[in-house]
Amino acid sequence: MLQAIIFDVDGTILDTEQAILQSLQRTLREETEREYALDELRFALGIPGKDTLKRLNVDDIETVHQKWSAAVLDFSQEVSVFPKLEAVIQSLASKPLQLGIVTSKTRQEVTDEFDPFGLSDYFTQIISASDTEQHKPHPEPLLTCLELLQVAPEDAIYIGDSVYDLQCAKQAGAKFALALWGAKTTKGYEEADYVLQEPTDILTII
């Protein structure tokens, strides 16, 4: 029986793609003097920022990560809640379900980049990259959230937009719903339990 719906943030609740990629592009230009095309950086969507910088072989990861996090705020005008999603979250909150978030954002990034949209109070638990040693696609963040919600994995659906989200859900034993408005493709998501064309589809699976 469905007891909990857990959301990813970037690409699922918030349309942050351009803010993340453009701020990373600018930070790398300033720090490494190398120009990356936005498509070269798309792999960064859905994983913790420090993991992205490791893959890019950045030397001083801590300093560059802080600079990148600050730069994201310069592109805040590019960020918005996906259409209809706020109303869907409000509707879910009125039902006998628990709502949670599992995100690759750090706790500070949640405070700076998610809280201003006024949705945080709808969620009983918010698990950030600061709260677990392992990160998506490892199941630890999702399992931590479910443990705090006191919900068994098989009674939960994780909604996300990246392969990391899918792998995290499957390894945790939860169902996975693909947010197609963020993923933009079903290729590679054959294991998804649900494919959501638009946010209102969430209400059809509960």
Side-chain angles (χ1 to χ4, degrees), residues 7-83 85 101-117 119 126-138 140-141 158-169 178-190 192 196 198-199:
F7 286 81
D8 172 45
V9 172
D10 292 330
T12 302
I13 296 177
L14 298 183
D15 186 355
T16 52
E17 182 174 307
Q18 287 305 308
I20 289 171
L21 295 180
Q22 289 182 39
S23 58
L24 177 57
Q25 183 187 51
R26 188 184 81 185
T27 302
L28 291 170
R29 182 188 303 127
E30 292 171 356
E31 291 296 315
T32 68
E33 297 183 351
R34 179 176 167 187
E35 188 68 41
Y36 289 86
L38 292 181
D39 276 346
E40 289 181 87
L41 303 175
R42 201 164 291 278
F43 75 91
L45 300 170
I47 60 173
K50 289 181 183 178
D51 289 355
T52 294
L53 298 177
K54 280 179 194 167
R55 290 200 198 181
L56 290 166
N57 297 314
V58 170
D59 290 334
D60 190 348
I61 287 174
E62 286 295 332
T63 301
V64 176
H65 184 251
Q66 286 177 9
K67 185 169 183 178
W68 178 18
S69 294
V72 169
L73 300 179
D74 292 341
F75 293 89
S76 57
Q77 74 280 0
E78 301 274 359
V79 180
S80 61
V81 178
F82 282 102
L85 202 44
I101 280 176
V102 169
T103 176
S104 294
K105 289 184 181 298
T106 64
R107 192 177 299 115
Q108 189 62 51
E109 286 167 345
V110 169
T111 299
D112 293 341
E113 300 166 28
F114 182 68
D115 288 353
F117 288 95
L119 299 175
I126 297 179
I127 301 300
S128 73
S130 306
D131 298 316
T132 58
E133 287 190 18
Q134 302 286 343
H135 306 116
K136 296 184 291 186
H138 195 282
E140 185 184 351
Y158 185 41
I159 303 176
D161 67 302
S162 76
V163 172
Y164 310 110
D165 298 328
L166 168 65
Q167 292 169 343
C168 176
L178 177 66
L180 199 56
W181 54 90
K184 301 182 180 67
T185 180
T186 56
K187 188 176 179 182
Y189 296 98
E190 289 76 16
L196 308 172
E198 57 179 61

Heavy-atom check, side chain of Leu24 versus side chain of Leu53, under 4.5 Å: yes
Residues two or more places apart in sequence or in another chain: which of them pass salt bridge (Lys or Arg N to Asp or Glu O under 4.0 Å) with Asp161? none
Find out whether Thr103 and Ile127 are in side-chain contact, i.e. whether some heavy atom of one side chain is under 4.5 Å from a heavy atom of the other. no
Considering residues, nucleotides and ligands other than Lys184, do more than 12 of their heavy atoms fall under 6.0 Å from its NZ? yes
Sorted by chain and residue number, the side-chain contact (heavy atoms from CB on, under 4.5 Å) partners of Glu35 (sequence neighbours excluded) come out as Gln25, Arg29
Stepwise, does the side chain to side chain contact (heavy atoms under 4.5 Å, CB included) test hold for Tyr158 with Asp165? CA-CA 8 Å; Tyr158 185 41; Asp165 298 328; 3.5 Å; yes
Got Lys105 and Ser128 here, is their nearest side-chain heavy-atom distance under 4.5 Å? no
Walk me through it: do Trp181 and Leu196 pass the test side chain to side chain contact (heavy atoms under 4.5 Å, CB included)? CA-CA 8 Å; Trp181 54 90; Leu196 308 172; 3.6 Å; yes
When the side chains of residues 39-51 are checked against the rest of the protein, which donor-acceptor pairs come out under 3.5 Å, sequence neighbours left out?
{"unit_1": "Asp39", "atom_1": "OD1", "unit_2": "Arg42", "atom_2": "NE", "d": "3.2"}
{"unit_1": "Asp39", "atom_1": "OD1", "unit_2": "Arg42", "atom_2": "NH2", "d": "3.2"}
{"unit_1": "Glu40", "atom_1": "OE2", "unit_2": "Ala37", "atom_2": "N", "d": "2.8"}
{"unit_1": "Arg42", "atom_1": "NH1", "unit_2": "Glu17", "atom_2": "OE2", "d": "2.5"}
{"unit_1": "Lys50", "atom_1": "NZ", "unit_2": "Glu62", "atom_2": "OE1", "d": "3.3"}
{"unit_1": "Lys50", "atom_1": "NZ", "unit_2": "Glu62", "atom_2": "OE2", "d": "2.8"}

Hey, are the side chains of Leu166 and Tyr189 touching, using non-hydrogen atoms and a 4.5 Å cut-off? yes
With sequence neighbours excluded, residues passing side-chain contact (heavy atoms from CB on, under 4.5 Å) with Thr32: Leu28, Arg34, Tyr36
How about Thr52 and Val58: do any of their side-chain heavy atoms sit closer than 4.5 Å? no
Can a salt bridge be assigned to the pair Lys136 and Asp8 using a cut-off of 4.0 Å between side-chain N and carboxylate O? yes
Stepwise side chain to side chain contact (heavy atoms under 4.5 Å, CB included) test for Leu38 and Gln18: CA-CA 9 Å; Leu38 292 181; Gln18 287 305 308; 4.0 Å; yes
Write down the atom of Ala129, the atom of Ser104, and the distance for their closest heavy-atom approach. CB-O, 3.4 Å
What closest approach, in Å, do Glu113 and Leu14 show between heavy atoms, and which atom pair accounts for it? O-CD1, 3.5 Å
Which residues satisfy the side-chain contact (heavy atoms from CB on, under 4.5 Å) test with Thr111, sequence neighbours excluded? Gln108, Asp115
Does the side chain of Val72 reach to within under 4.5 Å of the side chain of Gln22, using non-hydrogen atoms? no
Arg26/Asp74 under salt bridge (charged side-chain N to carboxylate O under 4.0 Å, His left out): CA gap, chis, key distance, verdict: CA-CA 11 Å; Arg26 188 184 81 185; Asp74 292 341; 2.7 Å; yes
Rounded to the nearest 0.5 Å, what's the gap from NZ on Lys54 to CD1 on Ile61? Could you check? 6.0 Å
Heavy-atom closest pair (Leu119 atom, Phe114 atom, distance to 0.1 Å) is CB-CZ, 4.0 Å
State, with a plain yes or no, whether a side-chain heavy atom of Lys67 is found less than 4.5 Å away from one of Glu30. yes
What heavy-atom pair brings Val81 and Phe117 nearest, and what distance separates the two atoms? CG2-CD2, 3.6 Å
So, Asp10 and Thr16: side-chain donor and acceptor under 3.5 Å apart, yes or no? yes
Distance, nearest 0.5 Å, that separates OG of Ser23 from CD of Glu78: 10.0 Å
Could you check whether any side-chain N or O of Glu140 sits under 3.5 Å from a backbone N or O of Gln134, counting only pairs where one atom can act as donor and the other as acceptor? yes
Rounded to the nearest 0.5 Å, how far apart are CZ of Phe7 and CD1 of Ile13? 5.5 Å
Heavy-atom nearest pair, Thr185 first then Leu178, reads O-CD2, 3.6 Å
Around atom CD of Glu133, are there more than 12 heavy atoms from other residues, nucleotides or ligands closer than 6.0 Å? no
Spacing of OG1 belonging to Thr27 relative to CG belonging to Leu56, to within rounding of 0.5 Å: 11.0 Å
Partners passing salt bridge (Lys or Arg N to Asp or Glu O under 4.0 Å) against Asp60 (at least two apart in sequence or in another chain): none
List the steps and the verdict of side chain to side chain donor-acceptor pair (under 3.5 Å) for Ser69 and Glu109. CA-CA 7 Å; Ser69 294; Glu109 286 167 345; 2.8 Å; yes
